[in-house]
There are 2 protein chains.
Amino acid sequence: MERSASVTFRSACPIASGLDVLGDKWSLVVIRDLIVHEQRTYSEFLSAPEGISTNILALRLQQLTDLGLITRVNLNGPHRNNAYRLTDKGAALRPVLEELAKWSQVHLRALHPNILSLD
Amino acid sequence: MERSASVTFRSACPIASGLDVLGDKWSLVVIRDLIVHEQRTYSEFLSAPEGISTNILALRLQQLTDLGLITRVNLNGPHRNNAYRLTDKGAALRPVLEELAKWSQVHLRALHPNILSLD
DNA sequence: CCGCATCCGTTACGATACTG
DNA sequence: CAGTATCGTAACGGATGCGG
């Protein structure tokens, strides 16, 4: 079943509009998991170290699906062991996450000494 | 007066950590204004088309100052017509915003037909 | 006036228990 | 296993007040 994404955009600015869609603490973490792992199940998302709660995860998965950034992959039947993958639209966020990661590694280390260096 | 930034990081992941600091709907909009305009006063921030409310703006300016991403510039006296500028740390976010803007221009146009193309 | 701070209603988030 | 229901808490948002 396909719901349509209902987003209200604050302005015509592409930065603000991007944040209208992705500007929360969890959406890009879900995208990150799918960039790193290609494919994830509900419980695999839950096992990430950040500790997203079940209702928030379900809400984000729904919203990101509605936006066309991720799709559900039915592996073995209707509700068991299904998984999510990125669409091209979602995969196109990779440069955004890469730049954010680079910035954080350099500029958050003082506040967060054991932040990971990827690569 | 310098408060220290109190952020709680969910994990060692640089992406999640970046979102712990900037993952809300307003912080990067404030940064955007300072990238575009170099320097902004409180009321100039308020005049942006997104319509941030006064308490949220004051809170974000405080937090971004505490994090060392922006600084207050005293122009004419202690409280009138003072303004904010980016620090080097804040200015280093430019590539993140550029990639976000590029993504939005391409992938949000269907949902938001009159989104602006910068450049 | 300008730059906030305070108050307060509304909305989003978050932990946990529970269901198909 | 993949979500939903519930309910308490925190963030947001508008109105307004107040000091310099």
Side-chain angles (χ1 to χ4, degrees), chain A residues 1 3 5-11 16 19-30 33-34 37 39-67 70-85, chain B residues 1-3 5-11 16 19-30 33-34 39-67 70-85:
Chain A
M1 183 172 304
R3 253 178 262 183
S6 65
V7 197
T8 49
F9 291 102
R10 292 171 286 183
S11 72
L19 295 170
D20 287 331
V21 165
L22 300 164
D24 68 274
K25 292 204 180 297
W26 291 109
S27 295
L28 289 178
V29 172
V30 170
D33 277 3
L34 292 176
H37 295 103
Q39 185 169 308
R40 295 252 99 180
T41 65
Y42 191 86
S43 52
E44 287 173 331
F45 282 117
L46 290 178
S47 73
E50 287 80 18
I52 191 170
S53 60
T54 60
N55 53 351
I56 302 294
L57 176 58
L59 186 60
R60 290 287 168 264
L61 290 174
Q62 181 65 60
Q63 292 173 332
L64 293 172
T65 301
D66 294 345
L67 286 163
I70 67 178
T71 37
R72 189 187 306 225
V73 180
N74 239 336
L75 293 178
N76 309 322
H79 275 284
R80 283 175 77 88
N81 295 332
N82 53 8
Y84 294 84
R85 276 175 172 276
Chain B
M1 180 173 305
E2 276 287 328
R3 251 178 266 182
S6 66
V7 197
T8 49
F9 292 102
R10 292 171 285 183
S11 73
L19 295 170
D20 287 332
V21 166
L22 299 164
D24 68 275
K25 292 206 180 294
W26 290 112
S27 295
L28 289 177
V29 172
V30 170
D33 277 4
L34 291 176
Q39 186 168 308
R40 295 254 98 179
T41 66
Y42 191 86
S43 53
E44 287 173 331
F45 282 117
L46 291 178
S47 72
E50 287 81 17
I52 191 171
S53 59
T54 62
N55 53 352
I56 303 294
L57 176 58
L59 187 59
R60 290 287 168 263
L61 291 173
Q62 183 63 62
Q63 292 173 331
L64 293 173
T65 301
D66 294 346
L67 287 163
I70 66 177
T71 38
R72 190 186 305 227
V73 180
N74 241 335
L75 293 178
N76 310 321
H79 275 285
R80 281 176 77 89
N81 295 332
N82 52 9
Y84 295 84
R85 275 175 173 278

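We name chains A, B, ... by the order of the sequence lines, and we start the count at 1 in each one.
Taking the side chain of B:Asn82 as heavy atoms from C-beta on, and the options D:dG3, C:dC4, D:dG13, the nearest nucleotide is C:dC4. Out of C:dT16, D:dC12, C:dC4, the shortest distance to the side chain of B:Leu59 is found at D:dC12.
As rounded to whole Å, 16 Å separates atom P of C:dA12 from atom CD of A:Gln62. Atom pair A:Arg10:CZ and D:dG14:P shows a separation of 12 Å (rounding to whole Å applied). Look at CD on B:Glu50: it is 16 Å from P on D:dC12, rounded to the nearest Å. In this entry the distance linking CD of A:Gln63 with C1' of C:dC13 reads 12 Å, nearest Å. When the P atom of D:dG3 is taken as reference, atom CZ of A:Phe45 falls 10 Å away, rounded to whole Å. Distance CG (B:Leu57) to P (C:dT6): 16 Å, rounded to an integer number of Å.
With values rounded to the nearest 0.5 angstrom, B:Thr41 atom OG1 is found 12.0 Å from B:Arg72 atom CZ.
B:Val21 has its side chain within reach of B:Leu67: a pair of non-hydrogen atoms, C-beta onward, lies under 4.5 Å apart. The closest side-chain heavy-atom distance from B:Leu64 to B:Trp26 is not below 4.5 Å.
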N/O contacts under 3.5 Å, protein versus nucleotides 6-11 of chain D?
none

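For D:dG13, the OP1/OP2 oxygens have a side-chain nitrogen or oxygen of B:Trp26 closer than 4.0 Å. Applying the 4.0 Å criterion to OP1 and OP2 of C:dG3, one finds that B:Arg40 has every side-chain N and O outside that range. Note on A:Tyr84: a side-chain N or O is less than 4.0 Å away from OP1 or OP2 of D:dG3. In this model, the phosphate group of D:dA2 is approached by a side-chain N or O of A:Ser43 to a distance below 4.0 Å at OP1 or OP2. Side-chain nitrogen and oxygen atoms of B:Arg72 include at least one within less than 4.0 Å of the OP1 or OP2 phosphate oxygen of C:dC4.
Residues passing the ring-ring contact (aromatic ring centres under 6.0 Å, His included) test with A:Tyr84, sequence neighbours excluded: none. Not a single side-chain hydrogen bond (donor to acceptor under 3.5 Å, both in side chains) links B:Thr71 to another residue, sequence neighbours left out. For B:Asp20, the salt bridge (Lys or Arg N to Asp or Glu O under 4.0 Å) criterion is met by B:Arg10, not counting sequence neighbours. Under the rule for a side-chain hydrogen bond (donor to acceptor under 3.5 Å, both in side chains), the partners of A:Ser53 that lie at least two apart in sequence or sit in another chain are A:Asn55. Taking the side-chain contact (heavy atoms from CB on, under 4.5 Å) definition, one finds that A:Leu46 meets it with A:Tyr42, A:Ile52, A:Thr54, A:Leu57, sequence neighbours left out. Partners of A:Phe9 under the ring-ring contact (aromatic ring centres under 6.0 Å, His included) rule, at least two apart in sequence or in another chain, are B:His112.
If you check distances only, the side chain of A:Thr54 does reach the base of D:dT4 with a donor-acceptor pair under 3.5 Å.
Within the structure, the salt bridge (charged side-chain N to carboxylate O under 4.0 Å, His left out) test picks out the following pairs touching residues 54-65 of chain A (sequence neighbours left out): A:Asp24-A:Arg60.
In terms of position on DNA chain D, the residue among A:Tyr42 and B:Ile52 whose nearest nucleotide sits closer to the 5' end is A:Tyr42.
In this structure, the helix from C:dC1-D:dG20 to C:dG20-D:dC1 shows an angle of 30° between the axis at its start and the axis at its end, each fitted on 5 base pairs and rounded to 10°.
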